[in-house]
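This report concerns only the one structure given below.
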Amino acid sequence: MVIFCHVTAPLDGPISLASNLGHLAVGLFFFCSGYGLIYNYFRRDDYLNQFFMRRFIPILIPWWCANVMFVLTDIFVYHQQLSGIEIFKKVSGIEFVCRPHWFIVTLLILYIAFYILGKLIANKSHMTILLIAFCIVYDIVVLIKNDWWGGTTLPFALGVILAAVNEKRLAVIFRKYKIFLSSVTAVFLISIFYYAVLRWHLPVFIKSVYYGAGLLSECFFPIVVFAIFMKIKIKSPLAKFLGMCSYEIYLIHQLVIDYANLFFQEGYLQVFLIPVTLLISILGGYLFYQIMQKIVPKLSNKSNFKRRTIMKRMAVISAGFVPVPAVEGGGRRGPDYAVN
């Protein structure tokens, strides 16, 4: 969904409507991340042990490797003159090479907040409340700093809340399942219809309503998916395959779009842009995933204390030095998120 959003952003016609749907996939991922963290945290007393290695290494190493590919493209394809310091900043993530990578830094910040709060606060319920408060404050800072609603962590907070709710309270939803599902679906459909379609046909553009519709659709989409999967179990080999290498696909898809745009610039060739980009992104992401599987386990080895210490420090540096969330001016690639 994210690839489809980014590849259709510069296109004209009805197909460009897909460029308004990428935030739904981001919201779903944040929701699942928050849910998974708190679900395991409440059920495993040792969950914070080795947390940095289990969570950060699989995020950082592929990201840095993808950044190397972007930098090499900048130097050898776009003929940019980069100093050693600029190359270091781009590869480490201190300076973005790709706008969509804001998502990675936001996730790192959330993981660091979770880890610090978990270490400082013994009461898991109190820790969860503070983590939710952190998400809200973070979103307020992002909105004020960038005048942009995107990069929201509210779906992450919703995942945290649902994971922290005990089974008895969830049973209430099951008893009124049809009402719950129809209600959240209605809110989602109304908000996404305004955000993606209706706002373009209204005589007056109201930024606050636009922001609100975007937030509602991003937050309610994962709730709708969650509600559906409460009753329906779907086993799909394709979904399993894409889920396995989805992070690597996300990392390189904008690079694939860059190259595809070089080859399919002519109008009659643009019909091939979307299928070729999707296919190469998936195949390239899978190959990238396989390479990372040879590297990441070695770096996350429990016995390698020195490497673990270095990776912890690099994680904090990468998350700490990047502007929040570094969307505005943060990397030239990717769709422009500014509101016109």
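In this chain, numbering begins with 1 at the start of the sequence shown.
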Taking salt bridge (Lys or Arg N to Asp or Glu O under 4.0 Å) as the definition, give me every residue that meets it alongside K90, ordered by chain and number, with sequence neighbours left out.
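Applying salt bridge (Lys or Arg N to Asp or Glu O under 4.0 Å) to K90 gives E95.
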Report yes if some heavy atom in the side chain of [X] is under 4.5 Å from a heavy atom in the side chain of [Y]; otherwise report no.
X    : Y    : value
F96  : V105 : yes
T128 : F42  : yes
V187 : I223 : no
L110 : S33  : no
L189 : F220 : no
L130 : H126 : no
I190 : L216 : no

For [X] and [Y], which heavy atoms make the closest approach, and how far apart are they?
X    : Y    : value
S281 : T277 : OG-O, 2.7 Å
L60  : L108 : CD2-CD1, 3.8 Å
C135 : F156 : SG-CD2, 3.6 Å
F288 : P62  : CZ-O, 3.3 Å
N67  : V91  : ND2-O, 3.0 Å
Q254 : P100 : OE1-CG, 4.2 Å

Nearest 0.5 angstrom please: [X] [atom1] to [Y] [atom2], how far?
X    : Y    : atom1 : atom2 : result
T185 : F180 : OG1   : CZ    : 9.0 Å
K294 : Y289 : NZ    : OH    : 10.5 Å
H23  : L215 : NE2   : CG    : 8.5 Å
I280 : I249 : CD1   : CD1   : 13.0 Å
L107 : W63  : CG    : CH2   : 11.0 Å
T153 : D139 : OG1   : CG    : 3.5 Å

Before giving the answer on side-chain contact (heavy atoms from CB on, under 4.5 Å), spell out for I136 and L154 the whole-Å C-alpha distance, their side-chain angles and the decisive distance to 0.1 Å.
CA-CA 7 Å; I136 296 171; L154 289 183; 4.3 Å; yes
Verify side-chain contact (heavy atoms from CB on, under 4.5 Å) between V225 and F31, making sure each step is shown before the conclusion.
CA-CA 10 Å; V225 174; F31 176 88; over 6 Å; no
Taking it one step at a time, do L251 and F70 satisfy side-chain contact (heavy atoms from CB on, under 4.5 Å)?
CA-CA 10 Å; L251 285 175; F70 277 103; over 6 Å; no
Please assess F134 against F114 for the test ring-ring contact (aromatic ring centres under 6.0 Å, His included), listing each intermediate value before the final yes or no.
CA-CA 9 Å; F134 174 84; F114 167 79; over 10 Å; no
Would you call the rings of F30 and W102 parallel, tilted or perpendicular if under 30° counts as parallel and over 60° as perpendicular?
tilted
Which word best sums up how the rings of Y250 and H253 line up, parallel for under 30°, tilted for 30 to 60°, or perpendicular for over 60°?
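Because their plane-to-plane angle lies in the 30° to 60° range, the rings of Y250 and H253 count as tilted.
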Less than 6.0 angstrom separating the ring centers of [X] and [Y], yes or no?
X    : Y    : answer
Y286 : F241 : yes
Y41  : Y47  : no
Y210 : Y195 : yes

Flag yes if [X] and [Y] sit in one hydrophobic cluster, no otherwise; membership is Ile, Leu, Val, Met, Phe, Trp, Tyr, and two members link when side-chain heavy atoms are under 4.5 Å apart.
X    : Y    : value
Y138 : I129 : no
M127 : V165 : yes
L287 : L255 : yes
V77  : L72  : yes
L278 : L238 : yes

Quick check against the 3.5 Å criterion: does [X] have a side-chain atom that pairs as donor or acceptor with the backbone of [Y]?
X    : Y   : result
S83  : E86 : yes
R55  : F51 : no
Y247 : I59 : yes

Establish, for the pair R43 and Y39, whether the NZ or CZ atom is under 6.0 angstrom from the six-membered ring centre and no further than 45 degrees off its axis.
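The answer is yes, since R43 meets both limits relative to Y39.
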Near I85 CD1, under 6.0 Å, is it more than 12 heavy atoms from other residues, nucleotides or ligands?
no
Please step through side-chain contact (heavy atoms from CB on, under 4.5 Å) for the pair T73 and D258, ending with a clear verdict.
CA-CA 10 Å; T73 299; D258 286 352; 5.7 Å; no
Y194 and S217: side-chain donor and acceptor closer than 3.5 Å?
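No, no side-chain donor-acceptor contact under 3.5 Å.
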